[in-house]
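Notes to accompany the following structure.
Everything quoted here is computed from the prediction, not taken from an experiment. So that the names make sense, note that chain A is the first sequence line, chain B the second, and so on, each numbered from 1.
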2 protein chains.
Amino acid sequence: MREILDIQKQLLPDLVDTMKKRYTILHHIMVSGLVGRRTLAMSVGATERVLRAEVDFLKEQGLIEVEASGMRISVSGRELLERLEPLVKDLFGLTELEERIRSHFGLKQVIIVPGDSDVSPHTKKELGRAGASVLRKLVGEDETIAVTGGSTMAEVAYHLTPATPMKGCWFVPARGGLGESVELQANTIASTMAKKAGGRYRLLHVPDHLGEEAYQSLMQDSHIAEIIAFIRGARIVVHGIGEAMVMARRRKVDPETTESLRRDGALAEAFGYYFDRDGNILHKMPTIGLRIEDIHRMDHVIGIAGGKSKGESIASVLKHGHEDVLVTDEAAAWEVVNRLLS
Amino acid sequence: MREILDIQKQLLPDLVDTMKKRYTILHHIMVSGLVGRRTLAMSVGATERVLRAEVDFLKEQGLIEVEASGMRISVSGRELLERLEPLVKDLFGLTELEERIRSHFGLKQVIIVPGDSDVSPHTKKELGRAGASVLRKLVGEDETIAVTGGSTMAEVAYHLTPATPMKGCWFVPARGGLGESVELQANTIASTMAKKAGGRYRLLHVPDHLGEEAYQSLMQDSHIAEIIAFIRGARIVVHGIGEAMVMARRRKVDPETTESLRRDGALAEAFGYYFDRDGNILHKMPTIGLRIEDIHRMDHVIGIAGGKSKGESIASVLKHGHEDVLVTDEAAAWEVVNRLLS
DNA sequence: AGCACCGGGACAAAAAACGTCCAACTAAGC
DNA sequence: GCTTAGTTGGACGTTTTTTGTCCCGGTGCT
């Protein structure tokens, strides 16, 4: 069922919206018994005229009966509502979830794909597709887009497709190299994205975690300083979100720091920063690439992560309050709202 | 899957059309490899401008890539087409089937609901719903609508809903009473329809099968003559289609006539007439109610019947060539086209 | 270099959607 | 029986969207 809706959404993006609207109206009419146009318009939050068009439609379909004294649901209408129920539950679950998360954290947009990335690889692909799609809609011309590494971001890169405004864009890594496999490096992903989207890219050939002295000396190098300035001038950043401890291990953070993170209750990691449960930044190492102040200045901060296990981490990062767009999956989204309630 | 599409069609009637259109375009682009807008417009049969809007949409969705040299399908697009295939097969199967039957028999409209009425009661309900819907669209104001009996027609009556133009309509039985149960009598159905649709009705209290003398004497009666004239003035008739032998038995036709029908290869029955394989009328008993010449004069002749077993009968009646609209189910429709091929 | 085809910008005409008001009608309360 | 608050459906000007039509600067093939 999800599969079908998913396919249809690609050919008819406002299908769910229209269905949602009409279902809401029909449902309202049913619970109201006998109701008038204006009253109904109020309660579903539509202007009288557009509601009238919808009512005409429902009448045409024989789903409602309308008399001079008001309108009521017909037998067919009641039947349809019943059959619609399971569909709507799926349909609305996600859109409602999106809206709930969006408004609570004050985001611009939330996109939830069905499933759980932890369990199903297909969901992870969907996440990538959704991420690519949102990026495609947000980019302007000749923009610089900073990206991080990770398997989710790799999926996003894979699903990018050429779009005219992207032709002049630069893709750059948000940070230096990590101890991960090549395919998941920010550098690799930036270049993949550029190739897929038909844009250009620049790389940052430095390790991400450095001591203070090494950091200072590297920043002296004019080439490196130049590319870093370029990166920091990006107006769009697309990043993954990870679990703090998992990321610390993967990054080969030294034992003392790891222990310190654990003590402070580190929960999430995003673009090199660690966050606790309340969204506070815990660990601030001298960083090559984007700094948190750069993030705050961005036009579009797009976070992409999914899987039930990442739910808490995502919530922490959102709490920090710099995100604009979140792309996640159903399992993670439920975790996020569950944390809101507790 | 059918279930979902079916529900959606009630809330978004042009969903299938839009999906069909976009699928066709996308598919064309795929098989063409690299193709231009104008060339494509020709081959899918759309004006350049509307195709352009569609292309913009597909580009927006990232399903195609468009360069100065033309457009080609993207990875996502190809993927979508693959996933779309089973859906389209269902979607198009029926619409294609409809068009095939429509054009072959020169009908105005053919509506096919999925399933087999012989097997599933749900399909029969769908048939009724579709029949009611087509009737609702066809009726004008203050019209007379003649209806026959049968279980399918009962289903149509059940699914009728009030519509403003129907308020002034008269529902009348097309023929006299049969030896069937009360619920399936044309009289009963006419009255049910009138109640459901908010119209009025008149009844014909006469047995349908009579000897010549009895017929003549009945026609002398002014009340009966008046109502029969009224019935014959109808401009819309909605009728079921039955298998000849089944109907003969149900009507308690006398053994000799039954044998004669069998000898002549009677296949179908509709509004009291029997048809052979080639659509010729076999048996013409003196009839109370609509005569075949009245049928030919009608504005809208709507035949409604479904079930694999009725396929051949439907084809026979269609062949006679007086039908305007056919409402049937998938199983019957396939039987009809199979007979076209053989 | 020539040519046939390409995408996309531009713009007026046509169509659809929308906001707004009003007349005729209905049900209920008093 | 009358008032009143509520209803539908018609009408109409305005705004928005869609559509038809040209044309311009490119691209790729020959």
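A donor-acceptor contact closer than 3.5 angstrom is absent between the side chains of His104(B) and Glu99(B).
For residues 68-76 of chain B, proximity to DNA chain D is found at Ala68(B), Ser69(B), defined as any non-hydrogen atom under 4.0 angstrom from a strand atom.
Judged by distance alone with a 3.5 Å cut-off, no donor-acceptor contact links the side chain of Arg52(A) to the base of dG19(C).
Distance, Leu34(A) CG to dA27(C) P: 9 Å, rounded to whole Å. We find that CZ of Arg37(A) is positioned 10 Å from P of dG10(D), with the value rounded to whole Å. Remark: P of dC21(C) and CD of Glu48(A) are 11 Å apart, rounded to the nearest angstrom.
In this structure, Ala53(B) and Arg38(B) both approach DNA chain D, and ranking their closest nucleotides by distance from the 5' end singles out Ala53(B).
With respect to the salt-bridge test (charged N to carboxylate O, under 4.0 angstrom), the residues Glu67(B) and Arg72(B) qualify. Electrostatic pairing of Arg129(A) and Glu79(B) counts as a salt bridge here, judged by a charged N lying under 4.0 Å from a carboxylate O.
An OP1 or OP2 oxygen of dG7(C) is reached within less than 4.0 angstrom by no side-chain nitrogen or oxygen of Lys59(B).
Between the side chain of Thr144(A) and the backbone N or O of Trp170(A), no donor-acceptor pair lies under 3.5 Å.
As judged by a 4.0 angstrom heavy-atom cut-off over every strand, Val55(A) is placed among residues making no nucleic acid contact.
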What donor-acceptor contacts under 3.5 angstrom involve side-chain atoms of residues 9-17 of chain A, with partners at least two apart or in another chain?
none

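In this structure, Arg200(B) is not positioned above the aromatic face of Phe171(B) in the sense of NZ or CZ being under 6.0 Å from the six-membered ring centre and within 45° of the axis.
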